[in-house]
Amino acid sequence: MRLLRPISRRPCRYSPSTPVRCFATATSNPPPPKKVNVKIVEVGPRDGLQNEKTVIPLETKIALIEKLAATGLKTIEAGSFVSPKWVPQMANSREILDHILNHRIKSAHPITYSFLAPNSKGFSDASAMLAKYPTAYAPETAPESDKASKPGLEVAVFAAATESFNQKNLNCSIAESLQKFKDVITSAKDAGLSVRAYISVVLGCPFDGYEVDPHKVAEIATELLEMGADEISLGDTTGMGTAPRTGALLKCMESAGIMPDDLAMHFHDTYGQALVNTAVSLEHGIRTFDSSVAGLGGCPYSPGATGNVSSENMVYFMETLGMETGVDLDALADVGQWISGELGRSNDSSVGRAVLGARSKS
Ligand SMILES: CC(C)(COP(=O)([O-])OP(=O)([O-])OC[C@H]1O[C@@H](n2cnc3c(N)ncnc32)[C@H](O)[C@@H]1OP(=O)([O-])[O-])[C@@H](O)C(=O)NCCC(=O)NCCSC(=O)C[C@@](C)(O)CC(=O)[O-]
């Protein structure tokens with residue numbers, strides 16, 4: 001069990017008043033500033049595609065994951081073990097996991113692939129595949145050499161900050177879903193998988209509006225961390241988050257003793273506030289951000305919500321702040337354009353379009 005301590009008692013690498021880049025004090029020959037790494041979690045193949053109305057062929061989904069893997073992204077959410085009656089688009093996640101384990105997608109660096117599994121049925125479907133290829137992935141405790149040559153795997157559970165959204169999304173109360181997650185998290189840890197836990201609608205709910213209690217978010221996050229989750233991703237599912245409310249939420253998390261390293265932020269860009277909220281999160285020490293290529297996405301249970309902030313915009317934003325993402329923006333822009341074409345929709349990444357436009361002029 002992870003012990004949570006008040007934030008003031010554990011040395012924090014960053015505080016709200018720390019500028020994102022810290023330059024060394026003047027010397028005659030100051031070394032170049034060391035870049036701060038940020039982790040971009042690409043959620044396009046799952047969050048991005050789950051709400052598309054026409055059935056996307058398995059080959060297209062696999063091609064998307066392979067193309068993303070070649071851009072430098074190190075974490076890719078690849079599918080979801082949920083009821084096909086509820087989310088038909090994710091019905092072939094089993095085949096996607098099979099492909100990842102069986103074919104070892106080519107990449108110049110180790111990649112962790114993440115799959116949603118909100119209950120024991122979802123996890124047992126996923127673990128049946130792991131049993132088929134028991135040595136095809138690198139467990140968390142594997143030696144570095146194994147981690148370099150085999151994919152890492154992560155299981156993601158998901159709760160909500162409001163009862164109404166939890167009921168719509170998972171057909172049970174928050175307490176009941178947390179109970180179900182206990183088994184999933186324990187089994188995932190036993191199998192050597194890392195665990196991510198989402199909390200949706202943390203900054204606004206399609207049913208309860210702005211009435212989301214940040215203390216409730218902190219309470220759920222604490223419970224999930226104590227169950228063994230490695231990371232909590234705070235979802236602004238509706239995109240209703242604003243800079244002051246993002247700041248207030250993160251302050252509340254800090255007061256509850258939840259460390260910035262334990263958190264990721266998951267912004268949808270419905271109101272165009274995602275990067276503003278990202279900047280606030282950076283100031284609070286968060287270094288992991290979810291995004292989806294070409295801004296794909298939208299939650300089936302959040303009417304009107306648009307996609308996640310686009311990965312191209314996120315990478316550009318981080319790199320222009322002098323932070324290191326490890327992602328090749330040009331290559332990512334190509335993937336965004338390609339998948340938009342495959343889906344017959346417009347490319348929703350302004351940076352993606354700008355990169356391609358600038359290239360076509362040169
Ligand atoms: C959780 C359930 C299944 C409960 O749904 P339920 O109907 O209450 O489940 P049940 O336990 O009563 O079982 C009913 C049937 O579903 C089957 N079943 C039961 N579980 C599974 C499973 N895991 N995989 C496949 N099948 C399953 C089960 O076997 C049974 O089949 P039947 O006997 O009728 O043939 C359902 O509510 C569900 O699938 N919900 C998924 C909702 C979802 O995927 N939402 C989108 C992801 S969350 C999100 O997008 C937000 C996020 C993460 O991106 C962050 C953010 O932006 O906020």
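All ligand and atom numbering here is 1-based and tracks the order in the structure. Numbers here are sequence positions counted from 1.
- Under the 4.0 angstrom criterion for non-hydrogen atoms, Met90 is not in contact with ligand 1.
- Contact annotation: for Gln50 versus ligand 1, heavy atoms closer than 4.0 Å belong to the side chain alone.
- Atoms of ligand 1 lying under 4.0 Å from at least one heavy atom of His266, given by number and element, are 54 (O), 55 (C), 56 (C), 57 (O).
- There is a path of hydrophobic side-chain contacts, each under 4.5 Å, that joins Leu58 to Ile76.
- Applying the ring-ring contact (aromatic ring centres under 6.0 Å, His included) test to pairs two or more places apart or on separate chains, those with a residue in residues 168-198 are Tyr198-His266.
- Listed by atom number, the atoms of ligand 1 under 4.0 Å from Lys85 heavy atoms are 32 (P), 34 (O), 35 (O).
- For Asp47, every heavy-atom contact with ligand 1 shorter than 4.0 Å involves the side chain, none the backbone.
- The pair Asp98-Lys132 meets the salt-bridge criterion, with a side-chain N (NZ, NE, NH1 or NH2) lying under 4.0 Å from an Asp/Glu carboxylate O.
- Side chains of Glu319 and Thr325: a donor-acceptor N/O pair is present below 3.5 angstrom, by distance only.
- Under 4.0 Å from ligand 1, the heavy atoms of Arg46 that appear belong solely to its side chain.
- As a member of the Ile/Leu/Val/Met/Phe/Trp/Tyr network built from side-chain separations under 4.5 Å, Tyr271 groups with Tyr210, Met240.
- Residue contacts with ligand 1: Asn171 is placed with a nitrogen or oxygen under 3.5 Å of a nitrogen or oxygen of the ligand (distance criterion only).
- In this structure, of Asn119, Val184, Ile199, Asp290, the residue bringing a heavy atom nearest to atom 19 (C) of ligand 1 is Asn119.
- Close approach of ligand 1 to Leu170 (heavy-atom distance below 4.0 Å) involves ligand atoms 1 (C), 4 (C), 37 (O).
- Asp290 and Ser233 are linked by a side-chain donor-acceptor pair at a separation below 3.5 angstrom, with hydrogens and angles left out of the test.
- Nearest residue to atom 45 (N) of ligand 1 from Asn169, Thr237, Asn308 is Asn169 (criterion: closest heavy atom).
- Distance check, rounded to the nearest 0.5 Å: CG of Leu64 to CD of Glu342 gives 9.5 Å.
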Going through the distances and angles, do Leu225 and Glu231 end up as a side-chain contact (heavy atoms from CB on, under 4.5 Å)? CA-CA 7 Å; Leu225 288 168; Glu231 179 175 86; over 6 Å; no

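- Both Val335 and Leu329 belong to a single network of hydrophobic side chains, linked directly or stepwise wherever heavy atoms of I, L, V, M, F, W or Y lie under 4.5 Å apart.
- Between the side chains of Thr112 and Glu154, no donor-acceptor pair is found at a separation under 3.5 Å.
- Neither the backbone nor the side chain of Val43 comes within contact range of ligand 1; no heavy atom lies under 4.0 Å.
- Between Gly122 and ligand 1, a contact under 3.5 Å exists for at least one N or O pair.
- Set against the non-hydrogen atoms of His268, the atoms of ligand 1 under 4.0 Å away are 57 (O).
- Ile96 and Leu130 fall within the same hydrophobic cluster, defined by Ile, Leu, Val, Met, Phe, Trp and Tyr side-chain heavy atoms under 4.5 Å apart, directly or through other members.
- With a 4.0 Å cut-off on non-hydrogen atoms, Val87 touches ligand 1 through its side chain and not its backbone.
- Residue-to-ligand polar distances place Ser200 within reach of ligand 1: an N/O pair is separated by less than 3.5 Å.
- Any N or O atom pair closer than 3.5 Å counts here, and Val201 shares no such pair with ligand 1.
- For ligand 1, one of its N or O atoms has an N or O atom of Val82 under 3.5 Å away.
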